[in-house]
A.B. asks: 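Below is the structure I would like to discuss, written out as structure tokens.
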There are 2 protein chains.
Amino acid sequence: MEDRIEKIKQQLQSQGYKLTLQREATVRVLLENEEDHLSAEDVFMLVKDKAPEIGLATVYRTLELLTELHVVEKMNFGDGVARYDLRNDSAHHHHHHLICVQCGALDEIMEDWLEPLEIRVTEEFGFTVLDHRLDFQGICRRCNEKNKAQQPPQEESK
Amino acid sequence: MEDRIEKIKQQLQSQGYKLTLQREATVRVLLENEEDHLSAEDVFMLVKDKAPEIGLATVYRTLELLTELHVVEKMNFGDGVARYDLRNDSAHHHHHHLICVQCGALDEIMEDWLEPLEIRVTEEFGFTVLDHRLDFQGICRRCNEKNKAQQPPQEESK
DNA sequence: CTAAGTGCAAAGGCTTTGCATTTCT
DNA sequence: AGAAATGCAAAGCCTTTGCACTTAG
């Protein structure tokens, strides 16, 4: 944990960036919530516990900086909010998402299923893959079961 | 072409929606630009040729309606603008994207490479797949060649 | 000391909404 | 006729930016 912070610190410093209290607090929040996909607003609220004076703009600026340094990955699930994930740049962190359109649950597949496809992309398209995103939209197990139990209406509510 | 418009018309009517000039014009624009990923603004500008009085709000409302009816697919490439694609709901239209991070080119793979993975998702996660999205980010063939020709600088421009 | 970073508030995009008016069925 | 749809402008989000002040190195 501390060593990972240390590493990110050095990454910042080696690029000539300063190590401010706000930046460290932000990185800590990201580390402590590695499993989640936090929005800037989420990070802001969490980071205020550690650095109450921090402003939302600084959080945005820090997340942008970390994205440039490839420390975090900026993601977009189509709900209009950017979400940020710490990158495990050791192994390809590349997880895939299962997004339930009924209840909104977001599940993850932690394995990387795409290696073979990346090879195909490279060979057939001359395209060098740096990153990828695979999302499935559908009905999650829980909703599937719920629906089976109580025969659902034909029409969607909206 | 006309038959596809007819089909969408009927789809609208069968759900009790009215067939306005604006909606038809919007659908035509989408049909005529099927290969592109138009933003609402793009659609708006194109549709103004056919229906000059139309307002941007109507375009948004129409695109939202068509999304609900699964006539179009709303997409998000992370640049903060929603883009809309007509869905070929006959065959799984599901194309994948190759996004070049250097020049911004957006190429497509028109085949569906994910059938086997969908089966796995269903079996291993009890998740019913309705749709999916697969994007690769990286360097396109053209940029790769350009880079090889003129040994590129070590640092990115920004 | 001085350039980089911060906080605040204002400004920017894209998208949605309220409301009076128009239009389809 | 009556409900649905439209256009316009205003309002709503999330995000970025300008600027004076603070701080890390």
Side-chain angles (χ1 to χ4, degrees), chain A residues 5-6 8-27 29 37-48 50-69 71-84 158, chain B residues 5-6 8-27 29 37-48 50-69 71-84 158:
Chain A
I5 292 191
E6 207 47 48
I8 295 169
K9 277 189 180 180
Q10 283 170 18
Q11 215 169 334
L12 278 166
Q13 286 186 306
S14 73
Q15 308 269 326
Y17 295 108
K18 290 185 182 171
L19 237 54
T20 64
L21 225 141
Q22 291 92 330
R23 284 182 183 163
E24 174 162 349
T26 304
V27 169
V29 163
H37 308 288
L38 301 177
S39 67
E41 193 76 38
D42 295 336
V43 173
F44 178 53
M45 295 198 315
L46 290 167
V47 93
K48 275 214 277 203
K50 300 179 196 297
E53 16 41 80
I54 201 171
L56 181 53
T58 300
V59 171
Y60 273 105
R61 284 187 280 231
T62 302
L63 290 172
E64 194 197 336
L65 174 60
L66 294 175
T67 302
E68 268 171 36
L69 295 181
V71 171
V72 307
E73 185 179 1
K74 184 177 182 178
M75 304 191 291
N76 216 301
F77 290 113
D79 59 348
V81 226
R83 298 177 180 282
Y84 301 83
K158 191 167 178 186
Chain B
I5 291 191
E6 207 47 49
I8 294 170
K9 276 189 183 181
Q10 284 169 18
Q11 214 168 334
L12 276 166
Q13 286 185 307
S14 72
Q15 309 270 327
Y17 294 108
K18 292 184 179 170
L19 236 56
T20 64
L21 226 140
Q22 292 90 332
R23 284 181 183 166
E24 173 162 349
T26 304
V27 170
V29 163
H37 309 287
L38 301 177
S39 67
E41 191 78 37
D42 295 337
V43 173
F44 178 54
M45 297 200 311
L46 289 166
V47 94
K48 276 213 277 201
K50 300 179 196 300
E53 14 43 78
I54 201 171
L56 182 53
T58 300
V59 172
Y60 272 105
R61 283 188 280 234
T62 302
L63 290 172
E64 193 196 335
L65 175 61
L66 294 175
T67 302
E68 267 171 36
L69 295 181
V71 170
V72 306
E73 183 179 3
K74 184 177 182 179
M75 304 191 289
N76 217 302
F77 291 113
D79 58 349
V81 223
R83 298 176 180 283
Y84 300 84
K158 190 168 179 187

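Just so you know, these numbers come straight off a predicted model, no measurement behind them. Residue numbering restarts at 1 for every chain, and letters A, B, ... go by the order of the sequence lines.
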A.B. asks: Does B:E53 reach a base, just sugar-phosphate, or nothing at all? Heavy atoms under 4.0 Å.
C.D. replies: sugar-phosphate

A.B. asks: Between the protein and nucleotides 18-22 of chain C, list the N/O to N/O atom pairs that are separated by less than 3.5 angstrom.
C.D. replies:
from, atom 1, to, atom 2, distance (Å)
C:dG18, O6, B:R61, NH1, 3.4

A.B. asks: How long is the span from the CZ atom in A:F44 to the CG atom in A:L63, to the nearest 0.5 Å?
C.D. replies: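 Here the rounded value is 12.0 Å.
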
A.B. asks: Name all residues meeting the side chain to side chain contact (heavy atoms under 4.5 Å, CB included) criterion together with B:L46; count only those two or more places apart in sequence or in a different chain, and write none if there are none.
C.D. replies: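 Side chain to side chain contact (heavy atoms under 4.5 Å, CB included) check on B:L46 returns B:V29, B:N33, B:L38.
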
A.B. asks: Using rotation axes that map the C1' atoms of four end pairs onto the next four (five pairs an end), what angle separates the end axes of the helix from C:dC1-D:dG25 to C:dT25-D:dA1, to 10°?
C.D. replies: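 Between the axes fitted at each end of the helix from C:dC1-D:dG25 to C:dT25-D:dA1 lies an angle of 30°.
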
A.B. asks: In whole Å, what is the span from the NZ atom of A:K9 to the P atom of D:dG25?
C.D. replies: 10 Å

A.B. asks: Is the side chain of B:R23 donor-acceptor paired with the backbone N or O of B:T62 at a distance under 3.5 Å, no angle test?
C.D. replies: no

A.B. asks: Please state how far atom CG in B:L56 lies from atom P in D:dA10, giving the value in whole angstrom units.
C.D. replies: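 Atom CG in B:L56 sits about 15 Å away from atom P in D:dA10.
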
A.B. asks: Mind checking whether B:L12 and B:L65 have side chains closer than 4.5 Å, heavy atoms only?
C.D. replies: yes

A.B. asks: Which residues satisfy the side-chain hydrogen bond (donor to acceptor under 3.5 Å, both in side chains) test with B:K9, sequence neighbours excluded?
C.D. replies: B:E24

A.B. asks: For B:K48 and D:dG7, give me the distance from atom NZ to atom P, rounded to whole Å.
C.D. replies: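 Answer to the nearest Å: 11 Å.
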
A.B. asks: Just the rounded figure in Å: distance from P of D:dC14 to CG of B:D79.
C.D. replies: 18 Å

A.B. asks: Can you check whether A:E64 reaches A:Y84 side chain to side chain, under 4.5 Å on heavy atoms?
C.D. replies: no

A.B. asks: Not counting sequence neighbours, which residues clear side chain to side chain contact (heavy atoms under 4.5 Å, CB included) with A:M45? List them please.
C.D. replies: none

A.B. asks: Is there a side-chain contact between B:Y60 and the phosphate of C:dT15, meaning an N or O under 4.0 Å from OP1 or OP2?
C.D. replies: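 Yes.
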
A.B. asks: Check the interface with nucleotides 21-24 of chain D: list each N/O to N/O pair with the protein under 3.5 Å, or write none.
C.D. replies:
from, atom 1, to, atom 2, distance (Å)
D:dA24, N3, A:K18, NZ, 3.2

A.B. asks: Consider the side chain of A:K74, meaning its heavy atoms from C-beta on, and name the nucleotide among C:dT6, C:dT25, D:dT16 that approaches it most closely.
C.D. replies: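 Looking only at heavy atoms from C-beta outward on A:K74, the closest nucleotide is D:dT16.
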
A.B. asks: How long is the line joining CD of B:E64 and P of D:dA4, in whole Å?
C.D. replies: 16 Å

A.B. asks: Are any of the side-chain heavy atoms of A:Q11 and A:Q15 separated by less than 4.5 Å?
C.D. replies: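 A:Q11 does not reach A:Q15 side chain to side chain.
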
A.B. asks: Within the structure provided, determine whether B:Q13 and B:L19 are in side-chain contact (heavy-atom separation under 4.5 Å).
C.D. replies: yes

A.B. asks: Please set out all donor-acceptor pairs under 3.5 angstrom arising from side-chain atoms of residues 50-60 of chain A, sequence neighbours excluded.
C.D. replies:
from, atom 1, to, atom 2, distance (Å)
A:K50, NZ, A:E32, OE1, 3.1
A:K50, NZ, A:E32, OE2, 3.2

A.B. asks: Rounded off to whole Å, could you give me the CD-to-P distance for the B:Q22 and D:dC8 pair?
C.D. replies: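 Atom CD in B:Q22 sits about 11 Å away from atom P in D:dC8.
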
A.B. asks: To the nearest angstrom, how far is A:L63 atom CG from D:dT16 atom P?
C.D. replies: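 After rounding, the reported distance stands at 10 Å.
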
A.B. asks: Using OP1 and OP2 only, check whether a side-chain N or O of B:Q13 sits under 4.0 Å from C:dC24.
C.D. replies: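 So the side-chain polar atoms of B:Q13 never come under 4.0 Å of the phosphate oxygens OP1 or OP2 of C:dC24.
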
A.B. asks: Pick one: which of B:V71, B:V72, B:L69 meets side chain to side chain contact (heavy atoms under 4.5 Å, CB included) with B:I8?
C.D. replies: B:V71

A.B. asks: Can you measure A:F44 atom CZ to D:dT16 atom P for me and round it to whole angstrom units?
C.D. replies: 15 Å

A.B. asks: Compare the minimum distances between each of D:dG7, C:dT15, C:dG7 and the side chain of A:I54, then state the nucleotide with the smallest one.
C.D. replies: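 It is C:dG7.
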
A.B. asks: Under the salt bridge (charged side-chain N to carboxylate O under 4.0 Å, His left out) test, which residues partner A:R83, sequence neighbours left out?
C.D. replies: A:D42, A:D79

A.B. asks: Contact class for B:E41 (heavy atom, under 4.0 Å): base, sugar-phosphate, or nothing?
C.D. replies: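 The residue B:E41 makes no contact with any strand.
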
